Structure formats: C-alpha cells, structure tokens
Amino acid sequence: MDTIGFIGLGIMGQAMAWNARKGGFTIRVCNRSLEKSRPFAAEGIPVTQNPADLLVDSHVLIIMVTGPEALQEVIHPLVQKDLSGCVIINASTVAVDTTLEVARAVTEAGGMFLDAPVSGSKIPAQTGQLVFLAGGDHEVLERCRPVMETMSKIILHCGAVGDGTRMKLAINLMLASMVHGLSETLVFAEKIGLKGEAVMQVIQSGVLAAPLLKMKGESILARDFSPHFPLDLVFKDLNLILDEAGRHGTVLPATSAVRESFNSAMAHGWGRDDIGAVVRALELMSGLKGM
Ligand code: NAP
C-alpha cells in the first residue's frame, strides 16, 4: 500500500489527512508553518516543512493549499527531484492554466499528475464525505482511488488533466452566487420589516430548499461567521472564475457584481471569516448595523 504524503494542513487538508490515516494508510505531513503539524507530530506522524522530504517514502502526494501561488511554491522543490513512480494529486482550487503548468512540470520530472479539487467544506472534509472532481489518466486515478475513498463519498472522473479544475470553478460560481443571493434576501427582508427566521422557513418549505442555504442561513442569523469556507478563498475563486471567463469570451455580469461584494467584505477585514460574512458588507451598504 502506498504511503501518502500530505502538503497543506489547513481547514481541509488536516481533516483529509486524518481520514486517510483512519482508513489505514501510513501518512507523512508537510505544512509551511509548524503550528498546524503539531497534532500530527504528537501522534508520531513524521512532519516536515519541506515538501521534498515527503519523497523519502511517499509515492502519492496530496496537496491542499490556498491557491495558485501556494501550489507553485510547494511544487517547486518536488519537481527538482526524480518523481518516477510518484503521483501528485492537487486538491487545491487553482486556475486551469496553473493546473496545466504544474501537470507539465510533474510529468517532465517523471511523475504522474491528477487535478482533484473537492466539493464540500469543513464538515464533509471531517466526515470523509467530500466529492472529488478528478481530471487525469484513468489508471492513475484507479491507483489513487483507495486513499481518495477514505476522504470522500463520490469520486467523479471529469476527464483529462484540467477538467477537474474546470468543473470546480463552474460549481463555485453557483455556490458564491447562492450565498450572495441569500445574503441579499436577508438584508432586503430586514429592511422591509420581515424576520429572517420566517424567511428561512419559507425558503426551506418550497423549491428553494437547499442544504447550502439552510446551513449558511442559520449561521448568518446566529451571527456565527467561524470559518468553514473562508471568505478570502471564495474571493480568490471568483477572481479565478472571472479570469477564465474573460479568456473564453464569457460575460458574467452577476458574478462580477458578486465579486465586488466579496471585495468589499475583504476590505473590511472579514477575509478570514466564513463565506456568509459577505452579508456584513451588504448590511453596511444598506445602512444596517447587523441583523
Ligand atoms: P486554509 O485553511 O486557509 O489553509 C491553507 C493552507 O495552505 C495552509 O496549510 C497554509 O499553510 C498553506 N499555504 C498557504 N500559502 C502557502 C504557501 N505560499 N506555501 C505553502 N503553503 C501555503 O484553506 P482550506 O480551507 O484548507 O482550503 C484549501 C484549498 O481547498 C483552497 O484551494 C480552497 O479554495 C479549497 N477548498 C476549500 C473549501 C473550504 O470549505 N474550506 C472547500 C473546497 C475547496 P500555513 O499554515 O503555513 O498558512
């Protein structure tokens, strides 16, 4: 059985690493700052700050870092080595171009590459219920399937390298827009004298009912913005989506407006709060101090 190396132990990566271990895999972990590695070291799991150290005995590496720049940084020391026999799986959400560049660099170093970003947030990561959106060679994916199954409920093979990333950007457009729409609805409701709880009850009673809206609506009404999907990562994804759209002559007027609300929330310093904190920017624009 392959030893699995994990790079990036943030909200998602640390939960995924623990699930691989619970699933019976031997793991090694790597994080830029030592702090997040401590719980792993306490369990006797080898930790490092240098991704290349994982190559000592790990032949499948799973990367879960912030975005394109972070991915390039952790890939650099790896592709200086001989990666023969190694599979590198990037689960972080990055640009399509970054995915293709990194895949090329890994292949030139003798390795194999899958892009496999995930649908699902902190709780699905903790409970092993993520959905992998995989791009790459079928046989490589089959080799990695057993460890990916310890973290997920579904592994979708979206196509060639890059197609997992494309799928992830497409669904995150919808996700950011849904949470933004919910936030605007709650601000509007408050301004015209409706109770947020009553609005949520109506949303959940009809065709609008969705687990995402239920979860984020409840958090917004409770003013609980503890991070599951941090707002700064959603802003990063909206920028990736709009860049990709621009390259393909695709006009996304509503997504551009949604990005500006997230931009405003970032400027107010709420980037490390949960996605639902975008409501705070909308409240300010409408002269509300906070529902
Ligand atoms: P997070 O909690 O912010 O963790 C980010 C991780 O990336 C940390 O381990 C951080 O290391 C590392 N990192 C950042 N910059 C780096 C650099 N320059 N070099 C090396 N490591 C670096 O993020 P997360 O929520 O786990 O998300 C990780 C990825 O999954 C992102 O691409 C995100 O868009 C995607 N995603 C997130 C969710 C979600 O709900 N949270 C859902 C689906 C997909 P330090 O500890 O040193 O800062």
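What you see below is based on every heavy atom in this structure, not just the backbone, and it leaves out hydrogens, waters and symmetry mates. This one's a predicted model, so the numbers in the text were calculated from it and none came from an experiment. Atoms within a ligand are numbered from 1 in the order they appear, just like the ligands themselves.
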With the criterion set at N/O pairs under 3.5 Å, what does the list of contacts between the protein and ligand 1 look like, atom names and distances included?
unit_1   : atom_1 : unit_2 : atom_2 : d
ligand 1 : 2 (O)  : Ile11  : N      : 2.9
ligand 1 : 3 (O)  : Arg272 : NH1    : 3.1
ligand 1 : 3 (O)  : Arg272 : NH2    : 3.2
ligand 1 : 7 (O)  : Thr66  : N      : 3.3
ligand 1 : 7 (O)  : Thr66  : OG1    : 3.3
ligand 1 : 9 (O)  : Leu9   : N      : 3.1
ligand 1 : 9 (O)  : Gly10  : N      : 3.3
ligand 1 : 9 (O)  : Asn31  : OD1    : 2.7
ligand 1 : 15 (N) : Arg32  : NH1    : 3.4
ligand 1 : 18 (N) : Arg32  : NH1    : 3.4
ligand 1 : 18 (N) : Glu73  : OE1    : 3.3
ligand 1 : 26 (O) : Ile11  : N      : 3.2
ligand 1 : 26 (O) : Met12  : N      : 2.9
ligand 1 : 32 (O) : Val65  : O      : 3.0
ligand 1 : 32 (O) : Thr66  : O      : 2.9
ligand 1 : 32 (O) : Thr93  : N      : 2.9
ligand 1 : 32 (O) : Lys236 : NZ     : 3.2
ligand 1 : 34 (O) : Lys236 : NZ     : 2.8
ligand 1 : 40 (O) : Ser121 : OG     : 2.5
ligand 1 : 40 (O) : His228 : O      : 3.2
ligand 1 : 41 (N) : His228 : O      : 2.8
ligand 1 : 46 (O) : Asn31  : ND2    : 2.8
ligand 1 : 46 (O) : Ser33  : OG     : 3.0
ligand 1 : 46 (O) : Lys36  : NZ     : 2.5
ligand 1 : 47 (O) : Arg32  : NE     : 3.0
ligand 1 : 47 (O) : Ser33  : N      : 3.0
ligand 1 : 47 (O) : Ser33  : OG     : 2.9
ligand 1 : 48 (O) : Arg32  : NH2    : 2.9

Practice problem: Please answer whether the main-chain N or O of Gly164 pairs with a side-chain N or O of Asp115 as donor and acceptor at a distance below 3.5 Å. | Solution: yes

Quiz item: Looking only at atom types and distance, does a side-chain atom of Lys191 sit under 3.5 Å from a main-chain N or O of Ser286, one as donor and one as acceptor?
Solution: yes

Quiz prompt | Donor + acceptor pair across side chains of Asn19, Thr150 (<3.5 Å) | solution = no

Exercise. In plain terms, say whether Glu218 and Lys214 are close enough for a salt bridge, that is, a side-chain N and a carboxylate O under 4.0 Å apart.
Key: yes

Exercise. Name all residues meeting the ring-ring contact (aromatic ring centres under 6.0 Å, His included) criterion together with His268; count only those two or more places apart in sequence or in a different chain, and write none if there are none.
Key: Trp270

Exercise. Output yes when Asp274 and Lys216 qualify as a salt bridge under the 4.0 Å nitrogen-oxygen rule, no when they do not.
Key: yes

